[in-house]
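What follows is a single structure, written as structure tokens, with notes after it.
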Amino acid sequence: MRRTAALLGLPLLMIVAGCAQAGSDPAVDAPAADPRRDAFAQRATEVADAWRPLPAWKSGYVPLQDPTVLVGDPGFSGETKIAFLNGWYRDQIDLPTAKPADGAIRFPDGTLSVPLVSAATAYEQLDQGDPPPCDGRPRDPGPKLPGGGPTIEPGPDGPVSSAPQTACVPLTVTAVKLGTAPVRTSRGEAQVPAWLFTVEELAAPVARLAVAPQAVSAPPEPAPPAGPAPQGVVGAQDVQSVDGAELTWRLGVGSCDTGITPLVQERDDVVVVGGSVVTATGVCNSMLKLEPVTATLKAPLGGRPVLDVLTGAPLRLASS
């Protein structure tokens, strides 16, 4: 659930920014003499030419998003969204421990039979721990002192916690059933067997993919081009959404950068994305932001991989 973005050439301190809209064809909309566009095009060509997926990319199961998926609009509040992103759950039911029969992943180009894990195992993977205590909620009394003395309470003599005090609500699981969830994969969007957990605080189930680990293939290792990133060209961190031919991804940019422009190189078998910026020359802080940008491809994305122009890595669909 929790992930650290690897950002080349920029500090690892991140803030989320608003969405920068783009025209229908960023490569055409950019100025004809823009050296950043030319540098992007050259590097994108190198990335696309180097793309060599393993056989599993076309015949196996290579998920391109996290194994915890929302099925519908959850109706998040501030606290429940924090709990979801951190994996804070408590179960109020007996979770089945028996492994179900093999299931089928349904791709646009066919099906694949895969072994599944039990609901109990899926819940163990889903649950990432308990939230920190916050004002008005009971605290762990802590360890007893030698000889059975008083417990150590938070304070001058107790442990110090820097956990945010506004996020202390776990999500309550009240039911579970085996179903399917839509997942972005190397073969396009697939319907994948998943355990669907009913959560009291949410309006939609939380799905944990049920495919056993031995049936999951990892994306191929990226083959980044030689040499540093071109001046003024920034990389993509993840894919935000895919809607037919409309593609939204996030760029890693400096907080004082301007002129943020999405750039795309589209081929029949692959799409390479990134962007260009005007780097600030004056005094600026070292904050980094993830800037969403949108572009419309010439054809629906389908099963084509989306590659980052700087690293050559296939991009994953971001968590909600």
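In this text the structure is predicted, and so the values were computed from the model without any measurement.
Inter-residue side-chain proximity for Ser186 and Phe107 is flagged as unmet; no heavy-atom pair is nearer than 4.5 Å. Put simply, the side chain of Leu247 reaches to within 4.5 Å of the side chain of Val242, judged on heavy atoms. Glu246 has its side chain within reach of Thr294: a pair of non-hydrogen atoms, C-beta onward, lies under 4.5 Å apart. Proximity of Trp88 to Val169: side-chain heavy atoms (C-beta onward) are nowhere separated by under 4.5 Å.
Ion pairing of Asp66 with Arg316 is present here, as a side-chain N (NZ or NE/NH1/NH2) and a carboxylate O approach within less than 4.0 Å.
By the 6.0 Å contact criterion, CG on Asp94 is open, its count of non-hydrogen atoms from other residues, nucleotides or ligands being 12 or less. By the 6.0 Å contact criterion, CD on Gln42 is open, its count of non-hydrogen atoms from other residues, nucleotides or ligands being 12 or less. Summarising the local packing, CD of Gln214 is surrounded by more than 12 heavy atoms from other residues, nucleotides or ligands at distances under 6.0 Å.
Scanning for salt bridge (Lys or Arg N to Asp or Glu O under 4.0 Å) contacts around Asp49 gives Arg267, with sequence neighbours left out. Under the salt bridge (Lys or Arg N to Asp or Glu O under 4.0 Å) criterion, Glu201 pairs with no residue, sequence neighbours left out.
Aromatic ring pairs are classed by plane angle as parallel below 30°, tilted from 30° to 60° and perpendicular above 60°; the pair Phe84 and Phe76 is tilted.
With Arg250 as reference, Asp238 is the one residue of Leu315, Val239, Asp238, Val293 to meet the side-chain contact (heavy atoms from CB on, under 4.5 Å) rule.
With no hydrogens or angles considered, no side-chain donor-acceptor pair links Thr248 and Gln240 at under 3.5 Å.
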Query raised in the report: So Thr279 and Asp257, side-chain contact (heavy atoms from CB on, under 4.5 Å) or not? Walk me through it.
Result: CA-CA 5 Å; Thr279 305; Asp257 289 347; 4.0 Å; yes

Requested in this report: Apply the test side chain to side chain donor-acceptor pair (under 3.5 Å) to residues Thr111 and Arg106: give CA-CA distance (whole Å), side-chain angles for both, the deciding distance (0.1 Å), then the verdict.
Outcome: CA-CA 5 Å; Thr111 61; Arg106 302 189 180 279; 5.2 Å; no

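Panel note: side chain Trp249, backbone Gln237; no donor-acceptor pair is recorded below 3.5 Å.
Sorted by first and then second residue, the salt bridge (Lys or Arg N to Asp or Glu O under 4.0 Å) pairs involving residues 177-200 (not counting sequence neighbours) are Asp109-Arg187.
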